[in-house]
Participant: 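The structure is given below, and queries will be raised subsequently.
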Amino acid sequence: MSSQTFPPQNSPSTDESEVRTLYRQLLDGWNKRNADAMAVLFAEDGDIIGFDGSQLSGRAEIASTLQQIFADHITPPYVSKVRGVRFLSPEAAILRAVVGMVPAGQSDLDPNLNAIQVLVAAKQDGKWRIVLFQNTPAQFHGRPELVHELTEELRQLLD
């Protein structure tokens with residue numbers, strides 16, 4: 001296997017920008033409570049592993065389940081920070097991010113809602129699509145200082 005990095009480290013990358021935009025569009029869809037806007041970003045056979053461990057497969061299931069979530073729950077908006085984008089090939093990338101949420105009626109993050117997010121994207125017919133999105137609680141069991149550090153880092157992003 002080649003140790004070549006895609007794209008080259010020393011040049012600005014349109015693909016990296018597009019992967020970051022894809023992630024931002026995903027979170028914007030969540031923040032606007034728009035299931036269709038989120039689902040369209042996925043490959044037809046894309047998958048989500050949710051905060052609670054639930055698994056959704058395929059664009060249609062993603063859209064219908066998210067519509068139900070938005071209908072039944074007040075979903076807080078995300079505050080996010082991309083930690084990095086790594087290319088596995090010119091047509092496959094992994095984006096890592098951290099997120100927090102400010103519940104309705106509150107002005108501060110709820111540390112219990114902090115998460116680590118991973119988005120795996122593939123370039124299909126010249127367009128980046130999400131093939132996997134995983135949202136894992138960042139509870140750092142037994143290490144409250146890490147919860148505090150992440151919460152403080154995310155607080156810097158609040159308006």
Side-chain angles (χ1 to χ4, degrees), residues 1 6-7 13-106 108-141 146-147 150-151 153-154 157-159:
M1 179 169 212
F6 302 98
S13 166
T14 300
D15 285 325
E16 180 174 340
S17 177
E18 289 175 7
V19 171
R20 286 173 178 267
T21 297
L22 183 66
Y23 176 69
R24 192 167 40 256
Q25 290 171 331
L26 181 69
L27 295 191
D28 286 347
W30 175 272
N31 291 348
K32 293 175 181 172
R33 302 169 51 83
N34 186 333
D36 291 332
M38 291 179 70
V40 74
L41 302 171
F42 282 81
E44 192 61 45
D45 61 349
D47 294 298
I48 289 180
I49 301 171
F51 190 81
D52 65 352
S54 59
Q55 298 179 39
L56 308 175
S57 293
R59 201 181 285 160
E61 183 180 10
I62 290 168
S64 66
T65 301
L66 288 172
Q67 285 168 353
Q68 194 65 48
I69 289 169
F70 293 145
D72 293 344
H73 303 282
I74 298 172
T75 53
Y78 283 118
V79 174
S80 67
K81 182 176 185 180
V82 173
R83 290 271 171 90
V85 177
R86 179 176 149 214
F87 285 83
L88 304 176
S89 77
E91 296 179 342
I94 299 172
L95 178 145
R96 295 178 311 103
V98 292
V99 296
M101 299 176 118
V102 178
Q106 296 184 26
D108 195 12
L109 297 167
D110 179 348
N112 294 314
L113 300 177
N114 291 350
I116 308 298
Q117 294 183 334
V118 176
L119 180 145
V120 179
K123 200 171 198 178
Q124 301 174 340
D125 299 321
K127 184 170 174 103
W128 286 97
R129 296 278 182 205
I130 302 167
V131 294
L132 175 66
F133 176 69
Q134 182 162 349
N135 190 32
T136 303
Q139 296 305 298
F140 304 110
H141 298 291
L146 295 179
V147 174
L150 179 57
T151 302
E153 179 181 357
L154 292 167
L157 304 172
L158 292 175
D159 295 328

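All heavy atoms count here, side chains included; hydrogens, waters and symmetry mates do not. As the structure is a computational prediction, the values presented were derived from the model and not from experiment.
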Participant: State, to 0.1 Å, how close Ile74 and Ala104 come at their nearest heavy-atom pair, and which atoms those are.
Facilitator: CG2-CB, 3.8 Å
Participant: Could you tell me the separation between the CG atom of Asp36 and the CG atom of Leu66, rounded to the nearest 0.5 Å?
Facilitator: 9.5 Å
Participant: Does the side chain of Val147 come within less than 4.5 Å of Asn112's, by heavy atoms?
Facilitator: no
Participant: Nearest 0.5 Å, please: how far is CH2 in Trp128 from NZ in Lys123?
Facilitator: 6.0 Å
Participant: How many angstroms lie between CD in Gln25 and NZ in Lys32, if you round to the nearest 0.5 Å?
Facilitator: 9.5 Å
Participant: Evaluate the side chain to side chain contact (heavy atoms under 4.5 Å, CB included) criterion for residues Phe133 and Asp47: first the C-alpha distance (whole Å), next the side-chain angles of each, then the deciding distance (0.1 Å), finally the verdict.
Facilitator: CA-CA 6 Å; Phe133 176 69; Asp47 294 298; over 6 Å; no
Participant: Between Leu27 and Gln117, is a side chain to side chain contact (heavy atoms under 4.5 Å, CB included) present by the stated rule, with each step listed?
Facilitator: CA-CA 11 Å; Leu27 295 191; Gln117 294 183 334; 3.8 Å; yes
Participant: If I compare all heavy atoms of Ile62 with all of Gly46, which pair ends up nearest, and what's the gap?
Facilitator: CD1-O, 3.8 Å
Participant: Is it true that Asp28 and Tyr78 share a donor-acceptor pair across their side chains at a distance under 3.5 Å?
Facilitator: no
Participant: Side chains of Gln106 and Asp110: donor-acceptor distance under 3.5 Å anywhere?
Facilitator: no
Participant: Kindly determine whether Glu153 and Arg83 satisfy salt bridge (charged side-chain N to carboxylate O under 4.0 Å, His left out), including the steps that lead there.
Facilitator: CA-CA 12 Å; Glu153 179 181 357; Arg83 290 271 171 90; 2.5 Å; yes
Participant: Go through the side-chain N and O atoms of Asn114 and Gln139 and say whether any donor and acceptor fall under 3.5 Å apart.
Facilitator: no
Participant: Can you tell me how far CE of Met101 sits from CG of Leu154, rounded to the nearest 0.5 angstrom?
Facilitator: 11.5 Å
Participant: Does the side chain of Trp30 reach to within under 4.5 Å of the side chain of Pro77, using non-hydrogen atoms?
Facilitator: no
Participant: Picking from Asp52, Val99, Val118, Ile48, what satisfies side-chain contact (heavy atoms from CB on, under 4.5 Å) with Asn135?
Facilitator: Val99
Participant: Do Ser57 and Gln55 get their side chains close enough for a donor-acceptor pair, meaning under 3.5 Å?
Facilitator: no
Participant: Less than 4.5 Å apart, side chain to side chain, heavy atoms only: is that true for Lys81 and Leu157?
Facilitator: yes
Participant: Restricting to non-hydrogen atoms, name the atom on Ala39 and the atom on Arg59 that form the minimum distance, rounded to 0.1 Å.
Facilitator: O-CG, 3.0 Å
Participant: Is a side-chain donor-acceptor pair under 3.5 Å present for Ser17 with Arg20?
Facilitator: no
Participant: Any donor-acceptor pair under 3.5 Å linking the side chain of Ser64 with the backbone of Glu61?
Facilitator: yes
Participant: So do Val120 and Leu95 actually touch side chain to side chain, heavy atoms under 4.5 Å?
Facilitator: no
Participant: Under the criterion side chain to side chain donor-acceptor pair (under 3.5 Å), I'd like the reasoning laid out for Thr65 against Gln67: C-alpha separation, chi angles, the key distance, then a yes or no.
Facilitator: CA-CA 5 Å; Thr65 301; Gln67 285 168 353; over 6 Å; no
Participant: Can you find a heavy atom in the side chain of Gln124 that is under 4.5 Å from one in the side chain of Val131?
Facilitator: yes
Participant: Hey, could you give me the OG1/CG distance between Thr75 and Asn31, rounded to the nearest 0.5 Å?
Facilitator: 8.0 Å
Participant: Return the set of residues passing salt bridge (charged side-chain N to carboxylate O under 4.0 Å, His left out) with Arg129 (not counting sequence neighbours), or none when no residue passes.
Facilitator: none
Participant: Verify side chain to side chain contact (heavy atoms under 4.5 Å, CB included) between Leu150 and Val98, making sure each step is shown before the conclusion.
Facilitator: CA-CA 8 Å; Leu150 179 57; Val98 292; 3.7 Å; yes
Participant: Do Val79 and Leu158 have side chains that approach each other closer than 4.5 Å (heavy atoms only, starting at C-beta)?
Facilitator: yes
Participant: Supply the atom-to-atom distance Tyr23 OH to Ile130 CD1, rounded to the nearest 0.5 angstrom.
Facilitator: 10.0 Å
Participant: Do Ser13 and Asp15 get their side chains close enough for a donor-acceptor pair, meaning under 3.5 Å?
Facilitator: no
Participant: Step by step, would you call Ile49 with Leu132 a side chain to side chain contact (heavy atoms under 4.5 Å, CB included)?
Facilitator: CA-CA 8 Å; Ile49 301 171; Leu132 175 66; 4.2 Å; yes
